Protein chains: 2
Amino acid sequence: MAYTVGQVARAAGVTVRTLHHYDEIGLLSPSGRSSAGYRRYDDADLDRLQLIRYYRELGFPLDEIAAILDDPTADPSAHLRRQHELLTGRIGKLQEMVAAIEMAMEARRMNIKLTPQERFEVFGDFDPDTYEDEARERWGESDAYRESSRRTAGYSKEDWLRNKAENEDWGRRFVEVMASGAPADSPAAMALAEEHRQLITRWFYDCSYEVHTGLADMYVADERFTAYFEQIRPGMAAYVAEAIHANAISRA
Amino acid sequence: MAYTVGQVARAAGVTVRTLHHYDEIGLLSPSGRSSAGYRRYDDADLDRLQLIRYYRELGFPLDEIAAILDDPTADPSAHLRRQHELLTGRIGKLQEMVAAIEMAMEARRMNIKLTPQERFEVFGDFDPDTYEDEARERWGESDAYRESSRRTAGYSKEDWLRNKAENEDWGRRFVEVMASGAPADSPAAMALAEEHRQLITRWFYDCSYEVHTGLADMYVADERFTAYFEQIRPGMAAYVAEAIHANAISRA
DNA sequence: GCTCCCGCCTTCCGTTACGGGAGGGTCAAG
DNA sequence: CTTGACCCTCCCGTAACGGAAGGCGGGAGC
């Protein structure tokens, strides 16, 4: 089971140049050479290359990878366990970033302004006291901002007005259902939750049931989104959120 | 709302040098300068920096990011939508990698050998016909490999034998339950599934219910894992898998 | 046996995205 | 009016390769 550079490169999805480089720096030296000086890789080399590729994907510099792999106290299974942990951690971080993006999209849709630190905190290591005084003026400048956001959204004026009308119509009908005393998991409320989801999808971004329930949680967790609904009618934020959840469950 | 380089750097979690660099290449030039030549960033610059950070996290080179951001046909919401898509795609890829790692861990635990392409295909773009002849000799060399894998696992000989004994004992008791005619979702079968999970956790790696059901699916989907169980008793793979699923659901 | 082409070799220079100073001005606080 | 924390502009260094040049090796076909 001996392979040439080209074979290894194609199989592992790297370039020959990369393998040369790894050989140069001693990260992955082929187990032997042919009489003509050709590099010959064996299965153990492939094992090592697999580990290298995973650590690289996780952002480790090559010299650290070399240190990790050549650490005699770590057996192969330890590497797999470690990579499993690192990968799941990384997925968690990306999911936080997705949540942050969803929040940003919804904030934009509702003309709610986010603070600088909210937009960057998902990247970690930020300085919380840099913008302390900025927090107070979060609640202002509504009309000018609304108008500017209309333009940047890329819609024509009529489009924007139609969207606004649809949204307000939805709000009215939702308040009616609420006022009727129907529970949040009633068919009427759920139907309006579904309509809300499709309204978002039609006008702004693809809102899956999963994304939708994420928004619902945000409506009750974040004061600004809560305030948006509460000013329409007290208790609306929680009611909307529950209806969205009920709708999502029923469609699953 | 004007910020200095240092403030922006701390808030966004980048270095001052990075901002200098972005200014140099024209990716992010501050909207103004003070009389003394100090860079002055405003909120729009922070918006742009946020987008830059996300695209960077997704692996885009800086010149491409500049091209994307300066594309006049794309409004801010389009960027958010795009980043949402890219992020979820990336999460999906990482989840595949996690599954591959779990497969590798379980293969190691069961002394099953994987082919080179299986270990690399998660990275994409590999050449499937490179190792065609290698597939035939997948089923061999059991004892020597077993012995070597014992050593590399970092256990003492006694540990290894105890683990082996536990595993075989579990297998025997599982076959008993199967033979008794009890369904796979019976309490007895589920209890043994749980024991299986804890056995893995105790000896090899942290096996959550989620990971465990993943393994269960693999036992029936992959011929080598299926064969491992079928050689103990026909129908065992599916039965084990069902018991694991039932156990996981009941614990949720 | 010869040719041809593909794959391999080494060497070397280029690139990206910054890191990290050196040398020197700036600004608010004490 | 000094001091320390910031800011500026060069400028050189580094990591992880990319890519091409210039030259062997090897097996398939004539």
Side-chain angles (χ1 to χ4, degrees), chain A residues 2-42 45 48-49 51-69 123 125 127 129-131 133, chain B residues 2-42 45 48-49 51-69 123 125 127 129-131 133:
Chain A
Y3 316 97
T4 68
V5 259
Q7 289 176 307
V8 174
R10 273 189 307 258
V14 298
T15 66
V16 170
R17 182 66 184 83
T18 299
L19 293 176
H20 284 172
H21 183 61
Y22 290 172
D23 190 4
E24 267 176 42
I25 64 172
L27 175 59
L28 178 66
S29 300
S31 52
R33 294 276 185 137
S34 79
S35 58
Y38 284 26
R39 291 175 179 79
R40 323 237 66 186
Y41 295 86
D42 64 10
D45 296 328
R48 192 176 168 91
L49 180 54
L51 292 177
I52 293 171
R53 287 227 62 189
Y54 272 92
Y55 280 121
R56 275 258 66 195
E57 181 73 33
L58 288 161
F60 284 82
L62 297 187
D63 54 354
E64 266 188 59
I65 296 177
I68 292 170
L69 291 182
F123 293 109
D125 66 309
D127 190 354
D129 58 67
T130 309
Y131 300 102
D133 52 354
Chain B
Y3 316 97
T4 67
V5 258
Q7 288 176 307
V8 174
R10 272 191 307 266
V14 299
T15 66
V16 171
R17 182 66 183 82
T18 300
L19 294 176
H20 284 173
H21 183 60
Y22 290 173
D23 189 4
E24 266 176 44
I25 64 171
L27 175 58
L28 178 66
S29 300
S31 52
R33 295 278 185 136
S34 79
S35 57
Y38 284 25
R39 291 175 179 80
R40 322 237 67 186
Y41 295 86
D42 65 10
D45 295 329
R48 191 175 168 93
L49 180 54
L51 292 176
I52 293 172
R53 286 229 62 188
Y54 272 92
Y55 279 121
R56 276 256 65 196
E57 181 74 33
L58 288 160
F60 284 82
L62 297 186
D63 54 352
E64 267 188 57
I65 296 178
I68 293 170
L69 291 182
F123 292 108
D125 66 311
D127 190 355
D129 57 68
T130 309
Y131 299 102
D133 53 353

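On a predicted model such as this, the values are computed, not experimentally measured, just so you know. To find a chain, count down the sequence lines: A is the first, B the second, and so on, and within it residues start at 1.
Heavy atoms only, all atoms of each residue included: B/Ala12 and B/Leu49 are closest at CB-CD2, 3.5 Å. Shortest non-hydrogen contact noted between B/Val16 and B/Gly6 is CG2-CA, 4.2 Å. In this structure, B/Tyr41 and B/Leu19 approach most closely via the heavy-atom pair OH-CB, 3.8 Å.
Side-chain atoms of B/Glu64 do not come within 3.5 Å of backbone N or O of B/Pro61 as any donor-acceptor pair. Of the possible donor and acceptor atoms, none in the side chain of A/Arg48 sits under 3.5 Å from a partner among the backbone N and O of A/Ser29.
Counting only heavy atoms from C-beta outward, the side chains of A/Leu62 and A/His21 approach each other to under 4.5 Å. You'll find the side chain of A/Ile65 reaches within 4.5 Å of the side chain of A/Leu27, heavy atoms only.
Between B/Tyr55 atom OH and C/dT16 atom C1' the separation is 20 Å, expressed in whole Å. Rounded to an integer number of Å, the gap from B/Leu27 CG to C/dC18 C1' is 13 Å. Between B/Tyr22 atom OH and C/dA17 atom P the separation is 8 Å, expressed in whole Å. Atom C1' of nucleotide C/dG21 and atom NE2 of B/His20 are separated by 14 Å, given to the nearest angstrom. In this structure, A/Arg17 atom CZ and C/dG14 atom P are separated by 14 Å, rounded to whole Å. Put simply, CD1 on B/Ile52 is 12 Å from P on C/dA17, counting in whole angstrom units. Counting to the nearest Å, the P atom of C/dT10 and the CG atom of A/Asp23 are 8 Å from each other. For B/Glu24 and C/dG20, the CD to P distance is 16 Å, given to the nearest whole Å.
A/Val5 comes within 4.0 angstrom of the backbone, heavy atoms only, and of no base.
For DNA chain D, the span of nucleotides reached by chain A at under 4.0 Å from its heavy atoms goes, 5' to 3', from D/dA16 to D/dG25.
Cation-pi geometry between A/Arg40 and A/Tyr3 is not met at under 6.0 angstrom from the ring centre and within 45 degrees of the axis.
If you check residues 29-40 of chain A against DNA chain C, the residues with a heavy atom closer than 4.0 Å are A/Arg33, A/Gly37, A/Tyr38, A/Arg39, listed by number.
Within the structure, the salt bridge (charged side-chain N to carboxylate O under 4.0 Å, His left out) test picks out the following pairs touching residues 20-31 of chain B (sequence neighbours left out): B/Asp23-B/Arg33, B/Asp23-B/Arg39.
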